[in-house]
Colleague: 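Mind looking over this structure? Questions follow.
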Number of protein chains: 2
Amino acid sequence: MVRAPRRGPYVCGIDAALDVVSGKWKGAILWELHAHGVRRFAELRRGLPGVSEKMLARHLREMEKDGLVCREVHAEVPPRVEYSLTGHGRTLDQALGPLGVRGAERMRREGSEEGVVDVAEAVDVAGPSRG
Amino acid sequence: MVRAPRRGPYVCGIDAALDVVSGKWKGAILWELHAHGVRRFAELRRGLPGVSEKMLARHLREMEKDGLVCREVHAEVPPRVEYSLTGHGRTLDQALGPLGVRGAERMRREGSEEGVVDVAEAVDVAGPSRG
DNA sequence: CCGCATCCTAGAAGATACTG
DNA sequence: CAGTATCTTCTAGGATGCGG
């Protein structure tokens, strides 16, 4: 486990807010949806190298429950489900923007000695606008 | 030894930034230090109901290593160590401010059905000024 | 008082197989 | 394609005891 997911009693607001994004992939999911606006399950999966269907589905469910993402199911023959950020999710993402900037710096430093994906270099890691 | 907290490859800046505060008590520690400015080990411990010395010490070390907190050791007969936020830590805390507001709302909702400490009510959960 | 070391547990995350 | 169920692995976090 990477983070420390829990729904326990919170000590403060930050604690509670952080809990909403506690999960190895939630930050990345937020980033993906923010960057692309709308994303299908398979697309998200491809965007998160290493994630398993189980974890992706679970995190998506939790984030939906937390009102961060919107899940739109299209009743078609080839199943199609699209995910996007809710207003709430966007607000959270915006709040996370500054963190992204700091994180990007961290990536460059830590990346040198611990390895880091370079996908982040492709876009503005702080919070890319969706074109 | 304790294997270094998985600073694995990050997918994006947000991911990297979130990793710095991943740990059950880091958010609360940040909040405590922000609220009080300077805090001794024992004080922090009392401020974080339920935390163990091990976890408090470990998280503090990690946060120090990440440049979030400053650790000042006073070579006195009764050992005294004081912790405070570094400029970096304050920046992070500020970025977390908006999250705190959202988290506070969450606490009120979730709190009703999951229980929540009321210490948050005592101060501005979003980011109390230390006056 | 501060905080490290050791052992142990809960549950998060991973791999895989299967269903609609 | 989307998502669930099951089994395994991994490790953050908790409990306790010792040392400076």
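First the proteins, then the strands, lettered A, B, ... as listed; each starts at 1.
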Colleague: May I ask you to verify if any side-chain N or O of Y83(A) is less than 4.0 angstrom from the OP1 or OP2 atom of dC1(D)?
Modeller: no
Colleague: Flag the pair E82(B) and R39(B) as a salt bridge only when some basic side-chain nitrogen lies within less than 4.0 angstrom of an acidic carboxylate oxygen.
Modeller: no
Colleague: Should D15(A) and W31(B) count as side-chain neighbours, where that means a heavy-atom distance under 4.5 Å?
Modeller: no
Colleague: What distance do R45(A) atom CZ and E32(A) atom CD have between them, rounded to the nearest 0.5 Å?
Modeller: 13.5 Å
Colleague: Has H59(A) got a side-chain N or O lying under 4.0 Å from the OP1 or OP2 atom of dA12(C)?
Modeller: no
Colleague: Measure the spacing between CG of L60(B) and CZ of R71(B) and express it to the nearest 0.5 Å.
Modeller: 8.0 Å
Colleague: Given side chains that start at C-beta, do those of L30(B) and M63(B) come closer than 4.5 Å, heavy atoms only?
Modeller: yes
Colleague: Would you indicate, yes or no, if dG3(C) has its OP1 or OP2 atom less than 4.0 angstrom from a side-chain nitrogen or oxygen of R71(B)?
Modeller: yes
Colleague: Just the rounded figure in Å: distance from P of dA12(D) to CG of L56(B).
Modeller: 17 Å
Colleague: Using a 4.0 Å cut-off on protein heavy atoms (strictly under), produce a 5'-to-3' string for nucleotides 15-20 of chain C with B for base contact, S for backbone-only sugar-phosphate contact, and - for none.
Modeller: BB---B
Colleague: Atom CG of L18(B) to atom P of dA12(C): distance rounded to whole Å?
Modeller: 17 Å
Colleague: Between dA12(D) atom P and D19(A) atom CG, what is the distance in whole Å?
Modeller: 17 Å
Colleague: If you only use heavy atoms from C-beta on, which nucleotide in dG3(D), dG3(C), dG14(C) is closest to the side chain of F41(A)?
Modeller: dG3(D)
Colleague: Can you measure E62(B) atom CD to dG13(D) atom C1' for me and round it to whole angstrom units?
Modeller: 12 Å
Colleague: Specify the separation, in whole Å, of atom CG of D15(A) and atom P of dG13(D).
Modeller: 11 Å
Colleague: In whole Å, I'd like the distance from the CE atom of M55(B) to the C1' atom of dT16(D).
Modeller: 15 Å
Colleague: In whole angstroms, how far is the P atom of dC2(C) from the CG atom of L44(B)?
Modeller: 10 Å
Colleague: If you measure from CG on D19(A) to CD1 on I14(A), what distance do you get to the nearest 0.5 Å?
Modeller: 13.5 Å
Colleague: Considering only NZ, NE, NH1 and NH2 on the basic side and carboxylate oxygens on the acidic side, decide whether K26(B) and E62(B) come within less than 4.0 Å.
Modeller: yes
Colleague: Round to the nearest Å and state the distance from E72(B) atom CD to dG3(C) atom P.
Modeller: 13 Å
Colleague: Any side-chain N or O of R40(A) under 4.0 Å from OP1/OP2 of dA2(D)?
Modeller: yes
